[in-house]
Asks: 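Sending over a structure as structure tokens; questions will come in a sec.
Fair warning: this is a prediction, and the values are worked out from it, not measured in the lab. Heavy atoms only: backbone and side chains are in, while hydrogens, waters and symmetry mates are out.
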Amino acid sequence: MNYDFRKIEEKWQKFWADNQTFKAENHSDKPKYYVLDMFPYPSGAGLHVGHPLGYIASDIYARYKRHKGFNVLHPMGYDSFGLPAEQYAIQTGQHPADTTKVNIEGGVDKEGNKIEGYRKQLDRMGFSFDWSREVRTSDPKYYKWTQWVFIQLFNSWYNKDTDKAEAIGSLISKFETEGNAAVNAVCDDETSIFTQQDWKNYSDTEKQQVLLKYRLTYLADTEVNWCPALGTVLANDEIVNGVSERGGHPVIRKKMTQWSMRITAYAQRLLDGLNKVDWPQPLKDSQTNWIGRSEGAEVTFPILAFPEGEGTTPGYMTGGNNSHLLLEKAKKLRNNPAQAEAALWESLKGKNLGDKFRRQHLIDDFIVDFVCLSKKLIVEVDGDIHDTQKAEDEARTKALNERGFEVVRFRNNQVLGDIDAVLQEIKEILVKKSIPPSGARGISVFTTRPDTIFGVSFMTLAPEHDLVAKITTPDQKAEVEAYVEATAKRSERDRMADVKTITGAFTGAYAEHPFTKEPIPIWIGDYVLAGYGTGAVMSVPCGDQRDYDFAKHFNIPIPNIFEGVDISEEAFSDKATTVIANSDFLNGLNYKEATTKAIVELEKLGQGEGKINYRLRDAVFSRQRYWGEPFPVYYVEGMPQMIDEKYLPIKLPEVEKYLPTETGEPPLGNATVWAWDVEKNEVVSNDLIDHKTVFPLELNTMPGWAGSSQYFNRYMDPHNEDAIYSPEAINYWQDVDLYIGGSEHATGHLLYSRFWQKFLFDRGVAPKDEFAKKLINQGMITGTSALAYLIREDNKEHFVSRNWYNKLVSDLSDPSKEKMVPPDTADFEDILKRLTDGTTEVSTWMPIHVDVSLVNASDELDIQAFKNWRPEFKDAIFTLDNGEIYKGINPTSGKPGGEFIVSREVEKMSKSKYNVVSPDAICEEYGADSLRLYEMFLGPLEQSKPWNTAGITGAHSFLKKLWKLYFEESGIKVTDEAPSAESLKTLHKTIKKVEEDIENFSFNTSVSTFMICVNELTAQKCTSRSVLEPLAILVSPYAPHIAEELWAQLGHSESIATAPFPKFEQKYLVESSKEYPISFNGKMRFKLELPLDLSKEEIEAEVMAHEKTQAQLQGRTPKKVIVVPGKIVNVVG
RNA sequence: GCUCGAGUGGUGGAAUUGGUAGACACGUUGGACUUAAAAUCCAAUGGACAUUAGUCCGUAUGGGUUCAAGUCCCAUCUCGAGUACCA
């Protein structure tokens, strides 16, 4: 009986499908295990051998876990919205839904090409997917729930006090009862303060506008990355090196009204969560990097003169003459608070009222009970004793008032009696004292080095900064405007490309230094980015290289504020060795001390506070595309309204053309039936829009990552029509235990998914705030391109076989070498002549990619097939490896006169390089089991490695050898004979190693282990059932088809899929002796078999007595003999 | 520039807490079986000298620790990935 893999694989694939072998139930006595692959985008090109690598690994693990007694969920689906289908639609007019269906299910495309379809390709590889749970993101039944999550986000806000998302209703009730002053929420920067009375007076539209500033998904005018070529905006992670990730088109900045996701609310939790998950460190690093947390301070620099007289220098106070005695007293008071003080502190601390309070704080010579430095409000709580010291208190209040503080006094019994009334009063004062946005008062900057504040010699604003136009003096106006205009014209890419050129302009305005009160010139420069921090920096040229370069270029002074550092060449930015000098109260302090001190002093002035800044931006969620999820949104008086959940899904409308409209609207602008009737609750014709009961629908669609941000949970209950998934389902499956996919999703899908998961966790929909416990990035399988070297001259084309090409190139680059004279071919000599006399350059060799299917395992090109494939080369000359010219196939021998050898190069697999190998062809020739084994055998899962089809024969012949262990010509040869001790040792050694390897995801080494095992059992002529049966189970996760067949042939009627994994038993591995390597000075010289129960001394004696030892020593006496029992012997001397 | 990761035969890659470097496979060479090819099987295969035993050199480079280093430490070089005026 021969190993007929085609028959076997077809048979078992059918069996698994018919019997739903891998269907997972949502309840089981077994423990659960969830193995997930990143679902693919079904492209028309189909799968190549690189794609299934991760699927094979996850499938091995899933099958292994089934053998280990787990209830395994292993689903698959399609991320089927996306740009390629849409662009194909634009070109051909075919509906993307149709092409997507063909790409998944197979069929014929418009050009008549047969498409195999992803499903069929996947099925051929024998994956144990539970297809009953398949999802497609473009299926309305699925995207109903994507729209649903969007609505939940819209109806939520982020409460910083509870540090989680809450229903928008709780925010509205806060507004109704207390306004927004004390609301500690993540919201838009320019949100202004209002009272509950203001809120009540707002119109409906105004209320909606306010709420949009708080919702977790919101509509706002944002600077977006606009890609004119694609006609859409792109998220930051969709831009690579300043051009679009897809297609490489230029991207410009543009202000547009767009949906955004308030992912920044989760910045800190997204960072913290990384500590809880077992994900690859490089991936965690890139998320950490992307979130970009930096600690520092926000500092406000008052603007000295507004040319238009808009503001004046606000009053502030001097640093003060703090005495240590007072500080100590304040500390003592803090530790012994009166009852009322303690009660009030509970309510004031931790920004409970929205502003930071300090207690028992020193203001000049006064210790005040509570102070809010940023609002300059002092709260005093007086005991009865104050009745007797009214005069002193008044004087004290007056003194504090002179220092710019407002003082409010309460009595102990007021605080203890009705603390809510007291808090309300404080809150109202805070609201009144609310400071308008920073721009009106001065320039806000973010800095990570507040310790260097005395080194500020100028300030720089981004050219796009709002203040630029306001502060520029008439003298400087022309220059500044020209500069702003010039920067706006430069694309993002240009700006990135030349970071070396220093440009900028002086505004003519000055700001005042918070401490020295010196005027500081305000410049603008494009090295300051509008999008990060506040879009303005305090420039410390001695401590920052960019500021340094800018200062040098424009001749701005560079004061040195570092102790013992030479800054004549470059800036000094080493925090670790920093000692501050020339900085008043910071002198002599190190980085950490000076930073803390500077922040405290800035807070006293009300001109700054400690702040944490994130690089992470809110994610733009609108795309001007057709083939994406439509928003469940219509507009009333310009304000977005959510469609009630019960009318979902809002299905994509039909359109004539998939391009943007002539008026520049997104493709959905072409739809004629795209309006919402609030009475009928259905989508109706645009003609009916009356803005009374029928309103226009949103024209944007959602981005690609919308559909992939919750799919892993939807698999748990994919057909649920009443909920995204039932609580029972998600409480059973909880989260993904193992997630395998590419590292390219590090800052896209994997970040957004974590964000949505945390949001759904906050809202009680998901039980875990991280969706995947363990994640593995499989490496890329690269292609091995075949190259034929061509020299093209005067319409003559000449290909040269590898050997000759290499010799020619190396001979020519080495003048000392005698020039190779090729065999007697006039043409070849001609080439050599022209190469050597310089008429032709070596570099004019052109590598031509040859389709890898035209090349055999020994790199020999089928010249005739090549000529048929590329008819433009049918008259080209081919010099073969033996130096002869190819004259066609010899009719008598049927062979060419010699071989033409191609060169090989490892490159990414791509159609244009003709190095794509499809898994179908491999399955056809060698079988799916061979493919699975070989892909695992190639190398470590995480590593990228080149594909070389030739190597698959190793895996294939292993399977044939495996088969031969069970079968001979006449049939099965497995017996019930007792196995030899040797065979049991081989088996158990294999069980141990394979189990360890699978647990460590070291699949390549376990394939080697199988090969060793089969080689050994073959040599042992083992036919024993008690060895061969467990072996079939061991192999089954890797090569499931052959394992099923062997299992069946061994007489089992059930599938092998849930057969218990063989148990390793140490007793079969126990050895009585060991072949010791005997080394001399660390070099192994010979081996010596010795019993394992010998003592160190006995081993040493045996070794020293050995004749080879004496030969090695040649009469010398060893200095030392190291004996490690069971390991090694080393003789020193 | 910064942050990670990696450098081992002709190739893909093995090598536990430092303990026999090159497992396993591809390729190559020779042989067997075949009219022939494929398939299969056997043998050799890091380099150099000797080819009988053997000796020397070898894990990017240079140092170091150790009885013993691919593995640990220091410095350097090269490649890959991510990120980039992030204040």
Asks: Quick one: do Lys985(A) and Glu1016(A) make a salt bridge, cutoff under 4.0 Å?
Replies: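 Salt bridge absent between Lys985(A) and Glu1016(A).
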
Asks: Just checking, any donor-acceptor pair under 3.5 angstrom between side chains of Thr460(A) and Tyr527(A)?
Replies: yes

Asks: Which is it for Tyr532(A) and Ser294(A) under the side chain to side chain donor-acceptor pair (under 3.5 Å) test, yes or no, and what are the steps along the way?
Replies: CA-CA 11 Å; Tyr532(A) 182 76; Ser294(A) 47; 2.9 Å; yes

Asks: Between the side chains of Gln1020(A) and Thr986(A), does any donor sit under 3.5 Å from an acceptor?
Replies: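 Yes, because at least one side-chain N or O of Gln1020(A) sits under 3.5 Å from a partner of the opposite role on Thr986(A).
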
Asks: Roughly, in whole Å, what's the span from CD in Gln287(A) to C1' in G82(B)?
Replies: 12 Å

Asks: Under 3.5 Å, is there a donor-acceptor pair linking the side chains of Thr487(A) and Asp526(A)?
Replies: no

Asks: Can you measure Phe958(A) atom CZ to A39(B) atom P for me and round it to whole angstrom units?
Replies: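 Distance, rounded to whole Å: 19 Å.
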
Asks: Using the P atom as the reference point in each nucleotide, state the distance between G70(B) and U59(B) in Å, no decimals.
Replies: 7 Å

Asks: Is the closest basic N to carboxylate O distance between Glu924(A) and Arg6(A) below 4.0 Å?
Replies: yes

Asks: Can you identify which nucleotide, out of U20(B), U83(B), A87(B), has its nearest atom closest to the Met1084(A) side chain?
Replies: U20(B)

Asks: Less than 4.0 angstrom between a side-chain N/O of Arg615(A) and OP1 or OP2 of A84(B), yes or no?
Replies: yes

Asks: Between A68(B) and U78(B), how far apart are the P atoms? Round to whole Å, please.
Replies: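 32 Å, rounded to whole Å.
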
Asks: Scan Val1132(A) against the nucleic acid and name what it touches under 4.0 Å (heavy atoms): base, sugar-phosphate only, or nothing.
Replies: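 Sugar-phosphate: the residue Val1132(A), judged by heavy atoms under 4.0 Å, touches backbone atoms but no base.
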
Asks: Between Tyr926(A) (OH) and A38(B) (P), how many Å, whole number?
Replies: 13 Å

Asks: On a whole-Å scale, what distance lies between the P atoms belonging to C42(B) and A81(B)?
Replies: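 Rounded to whole Å, the distance is 42 Å.
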
Asks: Treat a base pair as Watson-Crick or G-U wobble with both distances under 3.5 Å, then lay out RNA chain B in dot-bracket form, 5' to 3', with | for cross-strand pairs.
Replies: (((((((..(((......[....)))((((((.......))))))((((....))))..(((((..]....))))))))))))....

Asks: For atom C1', what is the distance between C24(B) and U61(B), given to the nearest Å?
Replies: 30 Å

Asks: Roughly how far apart, to the nearest Å, are U76(B) and G1(B) at atom P?
Replies: 13 Å

Asks: For Lys1108(A) and Asp547(A), take the nucleotide of RNA chain B holding the closest heavy atom to each; which residue's nucleotide lies nearer the 5' end?
Replies: Lys1108(A)

Asks: Could you check whether any side-chain N or O of Ser1079(A) sits under 3.5 Å from a backbone N or O of Val1129(A), counting only pairs where one atom can act as donor and the other as acceptor?
Replies: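 Answer holds: yes.
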
Asks: Counting only side-chain N and O atoms of Ser286(A), is one of them less than 4.0 Å from OP1 or OP2 of C4(B)?
Replies: no

Asks: Identify, between Asn1081(A) and Gln281(A), the residue whose nearest nucleotide on RNA chain B lies closer to the 5' end.
Replies: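 Here Gln281(A) is the residue nearer the 5' end.
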
Asks: Just by distance, do the side chain of Lys552(A) and the backbone of Ile558(A) share a donor-acceptor pair under 3.5 Å?
Replies: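 Not a single qualifying donor-acceptor pair exists.
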
Asks: Looking only at side-chain atoms of Tyr527(A), point me to the closest of C85(B), C67(B), U40(B).
Replies: C85(B)

Asks: Go through A87(B), C67(B), C4(B) for me and flag the one nearest to the Asp285(A) side chain.
Replies: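 From the listed options, C4(B) comes nearest.
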
Asks: Report the nucleotide, chosen from U40(B), A87(B), U20(B), that has the shortest atom-to-atom distance to any side-chain atom of Lys1074(A).
Replies: U20(B)

Asks: Do you know the tightest heavy-atom contact between Asn2(A) and Trp963(A)?
Replies: C-NE1, 3.3 Å

Asks: If you look at every strand shown and take non-hydrogen atoms under 4.0 Å, does Asn1004(A) touch a base, only sugar-phosphate, or nothing?
Replies: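 Touches sugar-phosphate only.
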
Asks: Measure all distances between protein nitrogen or oxygen atoms and nitrogen or oxygen atoms of nucleotides 56-62 of chain B, and list the pairs falling under 3.5 Å.
Replies:
residue: C56(B); atom: OP2; partner: Arg1085(A); partner atom: NH1; Å: 3.1

Asks: If the C1' atom of C26(B) is compared with that of G80(B), how far apart are they to the nearest Å?
Replies: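 Straight-line distance between the two C1' atoms is 24 Å.
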
Asks: Taking atom C1' in both G18(B) and U65(B), what distance in whole Å separates the two?
Replies: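 Nearest-Å result for G18(B) against U65(B) at atom C1': 12 Å.
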
Asks: Between the side chains of Ser785(A) and Glu907(A), does any donor sit under 3.5 Å from an acceptor?
Replies: yes

Asks: Between C85(B) atom C1' and His465(A) atom NE2, what is the distance in whole Å?
Replies: 17 Å

Asks: Distances under 3.5 Å only, N/O to N/O: pair up the protein atoms with those of nucleotides 24-33 of chain B.
Replies:
residue: A25(B); atom: OP1; partner: Asn1015(A); partner atom: ND2; Å: 3.2
residue: U28(B); atom: OP1; partner: Ser858(A); partner atom: OG; Å: 3.1

Asks: Whole angstroms only, please: what is the CG-P distance between Asn2(A) and U40(B)?
Replies: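 Taking CG of Asn2(A) and P of U40(B), I get 11 Å after rounding.
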
Asks: Among G19(B), C86(B), U3(B), find the nucleotide with the atom closest to the side chain of Asn1130(A).
Replies: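 The closest nucleotide is G19(B).
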
Asks: Mind telling me if G9(B) is syn or anti? Syn here is a glycosidic angle within 90° of 0.
Replies: syn

Asks: Taking the same atom, P, in A69(B) and in A60(B), what whole-Å distance lies between them?
Replies: 15 Å

Asks: Can a side chain N or O of Lys945(A) be found less than 4.0 Å away from OP1 or OP2 on G12(B)?
Replies: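 No, Lys945(A) has no side-chain N/O under 4.0 Å of OP1/OP2 on G12(B).
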
Asks: Is a side-chain donor-acceptor pair under 3.5 Å present for Glu996(A) with Asn1000(A)?
Replies: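 No, Glu996(A) and Asn1000(A) have no side-chain donor paired with an acceptor closer than 3.5 Å.
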
Asks: Using ring centroids (six-membered ring only for Trp), state whether Tyr934(A) and Trp947(A) fall under 6.0 Å.
Replies: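 Yes - the distance between ring centres of Trp947(A) and Tyr934(A) falls below the 6.0 Å cut-off.
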
Asks: How about Phe458(A) and Phe550(A): are their ring centres within less than 6.0 Å of each other?
Replies: yes

Asks: Please give, in whole Å, the distance from C2(B) P to Asn289(A) CG?
Replies: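 The answer, rounded to whole Å, is 14 Å.
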
Asks: Return the value, rounded to whole Å, for the distance between atom CG of Leu941(A) and atom P of G13(B).
Replies: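 It is 13 Å, rounded to the nearest whole Å.
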
Asks: Whole angstroms only, please: what is the CD-P distance between Glu570(A) and G1(B)?
Replies: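 One finds 13 Å between P of G1(B) and CD of Glu570(A), rounded.
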
Asks: Which of the following nucleotides, A39(B), G19(B), A87(B), is nearest to the side chain of Lys1127(A)?
Replies: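 Output: G19(B).
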
Asks: Any chance the side chains of Asp997(A) and Thr1005(A) put a donor and an acceptor closer than 3.5 Å?
Replies: yes

Asks: For the pair Asn1130(A) (side chain) and Gly1082(A) (backbone), establish whether a donor and an acceptor sit closer than 3.5 Å, ignoring hydrogens and angles.
Replies: yes

Asks: Choose from C86(B), U20(B), G82(B) the nucleotide whose nearest atom is closest to any side-chain atom of Lys1087(A).
Replies: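 Taking heavy atoms from C-beta onward, the closest nucleotide is U20(B).
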
Asks: Please determine if a side-chain N or O atom of Gln943(A) lies less than 4.0 Å away from the OP1 or OP2 oxygen of A6(B).
Replies: no

